[in-house]
Number of protein chains: 2
Amino acid sequence: MSAVTDSLDWDHVEPAAARRLIRGAIDAFAERGFQATTTRDIASRAGMSPAALYVHYPSKERLLFEISLYGHNAALEVLRSADQGGTPADRLRGLVAAFTAWHARHHTIAHVVQYELNALSPEHLAEVATIRRAISTEIEQVLADGVQDGSFAVPDLPGTTLAVLSLSIDVARWYTPHRGDPDALGKLYADLAHRMVQT
Amino acid sequence: MSAVTDSLDWDHVEPAAARRLIRGAIDAFAERGFQATTTRDIASRAGMSPAALYVHYPSKERLLFEISLYGHNAALEVLRSADQGGTPADRLRGLVAAFTAWHARHHTIAHVVQYELNALSPEHLAEVATIRRAISTEIEQVLADGVQDGSFAVPDLPGTTLAVLSLSIDVARWYTPHRGDPDALGKLYADLAHRMVQT
DNA sequence: GTCTATATATTGATAGAC
DNA sequence: GTCTATCAATATATAGAC
């Protein structure tokens, strides 16, 4: 995984105060949830007064949207970068390993991305849902390719796609750094996902 | 699955007003999350004033605890009832099918059970965590038995236990009734889980 | 662009009548 | 056991000085 596609340091956010707010919001949302997080808490983590937050973002929801949008795009990019060609088996293993490791390595933002969707406005949710469909399609296409060339047996393609995605996504629910190396977890899950579909 | 062990109609809660509060709270917590749910909303769903809630429960958190405790016990009971003996493969398939179908059929309460843990008080969380460990042990033991008799190949027992649990638990995140029959989903996931570990 | 101070709304929970 | 009325705390967001 390249350093660029895995970059989640929010260096593109300017000025630095806005970046501190994003980082503070991610930590707060992941720890306590969107609704339980106060703007005072976010501002405090960024080292400023509650009022200063509104110079950079018009609402708490907008902060969540920026995080969710960029996080979803980062996850999609990781998947696409991981598709290195080769047999469907190789490709599936690469996708699952990368997607799983991403959810472990970036478990804080991944938690916000996967479990705070219902706090988004309907318009913002729709925008994020487009990216989620693209993520799902990446997995489904590889499974379909494996069925096509006979290397996979998948009686229920949508259901199995969802199951493979579930495996990786649920990592954001339980992962903490003390639970092991993200890449090792990625390899384990790549193996398990491959076994689920191989002929 | 017997009607008794799958019963989640809260008939044991008396009087009826308290039962209406529990049911209203489950729907509200699942729809909006614990923090975003107001006591007014819960009372309104139960057809009473906000003040009447406190006659039956001392706090909003206590309502969540009652739901979480009973929900966890119901999930554990479903797992234990599903262990009908036989080969490790038969037992694993039975456990995964039942546990998955339960999360689909009772996706509303399952969502509260799985995703509102951090809203519990430390004491209440500790009580629920005991049940969660028992649930995990049920799966782990069957996998260990399969390794023992040579029918399963599981290089990482804790990691694979977590992966099997993830598959079922994540159902509570995405399932809605229009996404298919709970029992059919259970059978699909039983098959996928079995393939993950079979030699 | 940050601050202090505050407007305005809403929250969880309580008091007291019936 | 339910109600109306309300308290006290806290929330998001804004006003205006610097």
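Order of the sequence lines fixes the chain letters, A, B, ..., with proteins taken first and strands second; residue numbering starts at 1 for each chain. If you're wondering where the values come from, they're calculated on a predicted model, not measured in any experiment.
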Hey, can you pull the donor-acceptor pairs under 3.5 Å for the side chains in residues 21-34 of chain B, sequence neighbours left out?
residue: B:Arg23; atom: NH2; partner: B:Asp9; partner atom: O; Å: 2.6
residue: B:Glu31; atom: OE1; partner: B:Arg45; partner atom: NH2; Å: 3.2
residue: B:Arg32; atom: NH2; partner: B:Ala36; partner atom: O; Å: 3.4

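Sorted by first and then second residue, the side-chain hydrogen bond (donor to acceptor under 3.5 Å, both in side chains) pairs with a member in residues 142-163 of chain B read B:Arg91-B:Asp145, B:Gln141-B:Asp145, B:Asp149-B:Ser151; sequence neighbours excluded.
With sequence neighbours excluded, no residue satisfies salt bridge (Lys or Arg N to Asp or Glu O under 4.0 Å) with A:Arg179. Remark: B:His72 engages no residue in a ring pair (Phe, Tyr, Trp, His ring centres under 6.0 Å) (not counting sequence neighbours). Shown here are the ring pair (Phe, Tyr, Trp, His ring centres under 6.0 Å) partners of A:Tyr57, two or more places apart in sequence or in another chain: there are none. For B:Thr199, the side chain to side chain contact (heavy atoms under 4.5 Å, CB included) partners are B:Ala153, not counting sequence neighbours. Under the rule for a side chain to side chain donor-acceptor pair (under 3.5 Å), A:Arg20 has no partner lying at least two apart in sequence or in another chain. Applying the side chain to side chain donor-acceptor pair (under 3.5 Å) criterion to A:Glu140, with sequence neighbours excluded, gives no partner residue.
Looking at A:Asp41 and A:Ser44, their side chains never bring a donor and an acceptor atom within 3.5 Å of each other.
Separation of atoms NE2 (A:His124) and CG (A:Leu117) is listed at 13.5 Å; rounding is to 0.5 Å.
Of the residues in residues 54-69 of chain B, B:Val55, B:His56 come within less than 4.0 Å of DNA chain D through at least one heavy atom, sorted by number. DNA chain C lies under 4.0 Å from at least one heavy atom of each of the following residues of residues 29-49 of chain B: B:Thr37, B:Thr38, B:Thr39, B:Arg40. DNA chain C is contacted by no residue of residues 115-125 of chain A, taking any non-hydrogen atom closer than 4.0 Å.
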When you compare the protein's N or O atoms with those of nucleotides 16-18 of chain C, which come within less than 3.5 Å of each other, and at what distance?
none

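Salt bridge absent: B:Asp170 and A:Arg173 never bring a charged side-chain N and a carboxylate O closer than 4.0 Å.
One interatomic measurement links the two molecules: CG of B:Leu21 to C1' of D:dT2, which rounds to 12 Å at whole-angstrom precision.
Put simply, A:Val197 and A:Leu157 are part of the same group of oily side chains (I, L, V, M, F, W, Y) that touch within less than 4.5 Å, one to the next.
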